[in-house]
Each structure stands twice: as C-alpha cells, then as structure tokens.
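Sharing a structure, written as structure tokens. Questions coming.
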Amino acid sequence: MASLRRLYHLASSIPLVAVAAYARLRGVDNVIVDGVALPLDTDAHYHLRLAVLTLRDFPHVPTRDPLLGWPEGCSATWPPGYDHLLAVFPWALGLSGDLAASARVMVFVPVLLGLALVFVTASIARRLAGDAPYAGAAGWAAGLLVALLPQSIAITEVGRTDHHGAEALIAALCLRWAIAWEPADDRSAALRWEIAGALLLFAGVHIYCGSVLFAATALGLVTLARVVRREPSPSLLGSGALASLGGAALLLLIDHGWIAAHRPWFHPLQLSLLQPSLLALAGAAALGFGVASRRDRAQRGRALAVAAGALA
C-alpha cells in the first residue's frame, strides 16, 4: 500500500514539475545570449563569479577576491556552501576546464532548487493532512501554489544564481524534518531522524548563516511536541539534541579553515564560531527540556500512585 501511495504521489507530481519548470524557464533567452551566461542581477552575478572561481580549484572557495574592495581585495560575506552547490554540477559533468560552459550549467541550478521546493512543500502539506482523504489533494494544491507564487518564481528562475532559492528550500526542509518526528519506541528510527537532522542543519548553515533561525524553529516545534505528550518519551533520542550538536560538530570539522580565514571569530553575517555555538546551545536546551520533562512526568506519576494508594 505504501509503495502504491508513493507511485501515486510521483505520478501526480508530473504536472506540478511541468508547470513549475515552465514558469522558471520562460526567460532563458535573456539569460543565455550568444552562448554567454548572463545572471539576472548583481548579487546573482557575483555568486556566479565566485562559483566559477571555485570550479578552478574545486572544492576550494577563494577566501579573498581582488575585485571586492579593489585593490586590496576582501572576502564575500556568506559561507562557502552555496558556491559549492553551484559549482558541483559542472564539476560532476567534467566541465571544470570550460568555464563558459560551466557558467551555462550553473544558471539552471536555481530552477532545480525551485522544483525541489515544490516537492518538499507538497510533502509537508500531505504530512500535515495525515490520513485524511484529502491529503493528496492538499499536497498537490500546496505544490501548485509554490510552483506559481510570483516570489517563489523570482528567487528560483533561470539565471537567479543568488542564494535566496537555497534559503527557502532549507527553511522548508527544516520544517519537513521537524514534522517527521514521531513519538515511537523505535530507537533506530529516532537515530536515523537525528542523523538526518545533523546533516540538514550542517548543510543549511554551510550554505546560509541565517539557517540557525530555521534550526531553532524546528527544534522548538519538536520540543513542544515532546513536552505536551501525555506519556514521557522512552528515550532522549528524538529530542533533536543529537541533530543540533552533530550539525555544530560537522560545521567545526569541515569549515574550521574557512572560519579561521574570515575572522572575527564571532560574526552574525559571516560563518564564524557564532553559528555552531548557537546550534550547540539549541541542542543543549532541547536536551535539558527533554530531561526536565521526563523528570516532571515521573514525579507526577509517583504522586498519583501515592494518592491512589492512599484512597485505596
């Protein structure tokens, strides 16, 4: 039954993909002119430039650019992840030696992000609808809304190589991860959920520093769901603490060189020690709420048992 449901969702998504792709590809003739990729605005143009420079020595992202703050040069104020994302597609296609062809590939990456956003939004709507008979229709309607929403198109159309499309997708993925939480006794499932969260939170901040806000929202939702449960969770797995602490550890492990090269050590806009510290703090808070909730329920349970015994 589950496999048939997945096949149905896949088949029903084909019209959504077609509509979303058409809406985002209409302006391709204005983006690729005489074989040259022309991003749609200044931010998009600079992201494309840095991604092309990244492709020369993939996956190393240049820490300084002489064209910024000429002639001394300076570094861009965003993490390296989005430039990795743009560059990985032509790199995987073996186009590292042809920067013009690579740029032509990169301008289509926002369209892929837009299609992914449509799929994730539809999945969120179906999940929230649960077993209701209209769950499939709710997912399709939500996906269609994102496919045709003007602002959604504007940040994920061909040539819009700024990071906002990735930002929207990260926010949607964090919400989808949060609502995937279930109060199950299956520790292996809870561990898989935590690992998926760690990878997502790392990737989110690696691409966009503001993803710490999405992480905080997701962890807040999970913590609230655990606290309002009548029965205490059987394990602290599933609190989101492992996901948040794991995401912070991955950031320090993979991006420590980038952080060291872009001091100051604590900066709200640039990737620094601030972002993994905030993730770790959120993980500690989620863990603390989980422990406190379990103890509170245990105390109330003992009090009810004593009261029942006294009445008996």
Distance from Leu271 atom CG to Leu269 atom CG, nearest 0.5 Å?
->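 Spacing of CG (Leu271) from CG (Leu269) equals 11.5 Å.
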Identify the heavy atoms of Leu115 and Ala20 that sit nearest to each other, and give their distance.
->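 Nearest heavy atoms, Leu115 then Ala20: CD2-CB, 3.6 Å.
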Hey, what do you get for OG1 (Thr42) to CZ (Arg49), rounding to the nearest 0.5 Å?
->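 Rounded to the nearest 0.5 Å, the OG1-CZ separation comes to 14.0 Å.
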Check each of Val120, Leu117, Ile124, Leu201 against Leu173 using the side chain to side chain contact (heavy atoms under 4.5 Å, CB included) test, and report the only one that passes.
->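 The single option meeting the side chain to side chain contact (heavy atoms under 4.5 Å, CB included) with Leu173 is Val120.
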Side-chain donor/acceptor pairs under 3.5 Å, residues 278-286, sequence neighbours excluded:
none

Mind listing the closest non-hydrogen atom pair of Ile155 and Ala168 along with its distance?
->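 Smallest heavy-atom distance, with atoms named: CD1-CB, 3.9 Å.
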With hydrophobic residues grouped by side-chain heavy-atom distances under 4.5 Å, do Leu245 and Leu273 end up in a single group?
->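 Each belongs to a different hydrophobic cluster.
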Check the pair His267 / His262 against side-chain hydrogen bond (donor to acceptor under 3.5 Å, both in side chains), numbers first and verdict last.
-> CA-CA 9 Å; His267 196 286; His262 289 80; over 6 Å; no
Once you round to the nearest 0.5 Å, how far does CZ of Arg126 lie from OG1 of Thr121?
->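 Between Arg126 CZ and Thr121 OG1, I get 10.5 Å after rounding to 0.5 Å.
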Would a 4.5 Å heavy-atom cut-off, applied to side chains only, mark Leu242 and Leu191 as touching?
->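 The answer is yes, as the side chains (C-beta and beyond) meet within the 4.5 Å cut-off.
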Minimum side-chain heavy-atom gap Leu86-His47 below 4.5 Å |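 Leu86 vs His47: side chains touch.
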Using the rule that two of Ile, Leu, Val, Met, Phe, Trp, Tyr join whenever any of their side-chain heavy atoms come within less than 4.5 Å, decide whether Leu169 and Leu145 are in one cluster.
->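 Shared cluster, no.
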How long is the gap from CG on Leu38 to NE2 on His45, to the nearest 0.5 Å?
->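 These two atoms lie 7.5 Å from each other.
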Got a donor-acceptor contact below 3.5 angstrom from the His256 side chain to the Leu252 backbone?
->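 Yes, because the side chain of His256 sits within donor-acceptor range (under 3.5 Å) of the backbone of Leu252.
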Show your reasoning for whether side chain to side chain contact (heavy atoms under 4.5 Å, CB included) applies to Ile153 and Leu149.
-> CA-CA 6 Å; Ile153 296 172; Leu149 195 68; over 6 Å; no
Student check: side-chain heavy atoms of Pro59 and His84 closer than 4.5 Å =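 Yes. Closest side-chain heavy atoms under 4.5 Å.
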Please examine the side chains of Trp78 and Asp83, heavy atoms only from C-beta on, and report whether any two atoms are closer than 4.5 Å.
->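 Sidechains of Trp78 and Asp83: in contact.
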Closest non-hydrogen atom pair, Ala198 against Leu250 |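 Scanning both residues completely, I find the closest heavy atoms to be O-CD1, 4.1 Å.
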Tell me, with the steps shown, if Glu167 and Ile207 meet side chain to side chain contact (heavy atoms under 4.5 Å, CB included).
-> CA-CA 8 Å; Glu167 178 185 344; Ile207 290 172; over 6 Å; no
Does any N or O in the side chain of Arg160 come within less than 3.5 Å of the main-chain N or O of Pro39, such that one atom is a donor and the other an acceptor?
->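 No; zero donor-acceptor contacts below 3.5 Å.
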For the side chain of Trp181 and the backbone of Gly238, is there at least one donor-acceptor N/O pair under 3.5 Å apart?
->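 It does hold such a pair.
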What do the steps show when you test Phe89 against Ser102 for side chain to side chain contact (heavy atoms under 4.5 Å, CB included), and what is the final call?
-> CA-CA 8 Å; Phe89 288 92; Ser102 297; over 6 Å; no
Heavy-atom pair of closest approach, residues Ala125 and Gly139 =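 Minimum heavy-atom contact is CB-CA, 3.8 Å.
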Exercise: identify the closest heavy-atom pair between Trp193 and Gly240 |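 The answer is CZ3-N, 3.7 Å.
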Whether Tyr82 and His163 hold their rings parallel, tilted or perpendicular, with breakpoints at 30° and 60° =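 Ring orientation of Tyr82 relative to His163: perpendicular.
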Find the distance between CG (Leu85) and CG (Leu113) and round it off to the nearest 0.5 Å.
->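 Atom-to-atom, Leu85:CG and Leu113:CG are 5.5 Å apart.
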Calculate, to the nearest 0.5 Å, the distance between atoms CG and CD belonging to Leu199 and Glu194 respectively.
->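 If I round to the nearest 0.5 Å, the distance is 11.5 Å.
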Dump the intermediate steps for side chain to side chain contact (heavy atoms under 4.5 Å, CB included) on Thr156 and Val111, then the final yes or no.
-> CA-CA 5 Å; Thr156 57; Val111 178; over 6 Å; no
Does the side chain of Leu144 come within less than 4.5 Å of Val19's, by heavy atoms?
->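 Yes. Closest side-chain heavy atoms under 4.5 Å.
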Any Trp265 side-chain heavy atom under 4.5 Å of Leu274 side chain |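 They are not in side-chain contact.
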Output yes when a side-chain donor or acceptor of Ser272 lies under 3.5 Å from a complementary backbone atom of Ile259, and no otherwise.
->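 Looks like no, no N/O pair under 3.5 Å.
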At their closest point, which heavy atom of Gly159 faces which heavy atom of Ala44, and how far apart are they?
->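 For Gly159 and Ala44, the tightest heavy-atom pair comes out as O-CB, 3.8 Å.
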Give a yes or no answer on whether the side chain of Ser244 reaches the backbone of Ala241 with a donor-acceptor pair at less than 3.5 Å.
->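 Not at all, since once roles are kept as given, no pair shorter than 3.5 Å links the two residues.
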Any donor-acceptor N/O pair, Asp57 side chain to His60 backbone, under 3.5 Å |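 It does not hold such a pair.
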So, the side chain of Asp255 versus the backbone of Trp258: is there a donor-acceptor pair under 3.5 Å, distance only?
->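 Judged by distance alone, no pair lies under 3.5 Å.
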Do Leu40 and Asp162 have side-chain heavy atoms sitting under 4.5 Å apart?
->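 Not touching, per the 4.5 Å side-chain cut-off.
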Indicate every side-chain donor-acceptor pair of residues 217-224 with a distance under 3.5 Å to a residue at least two apart or in another chain.
residue: Thr217; atom: OG1; partner: Leu213; partner atom: O; Å: 3.0
residue: Thr223; atom: OG1; partner: Leu219; partner atom: O; Å: 2.8

Is a side-chain donor or acceptor of Arg24 paired with a backbone partner of Ala147 at a separation under 3.5 angstrom?
->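 Yes.
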Ring centroid separation Trp177 to Phe214 under 6.0 Å |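 No, ring centres 6.0 Å or more apart.
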Is there a side-chain contact between Val158 and Arg26, using heavy atoms and a 4.5 Å cut-off?
->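 Contact flag for Val158/Arg26 side chains = no.
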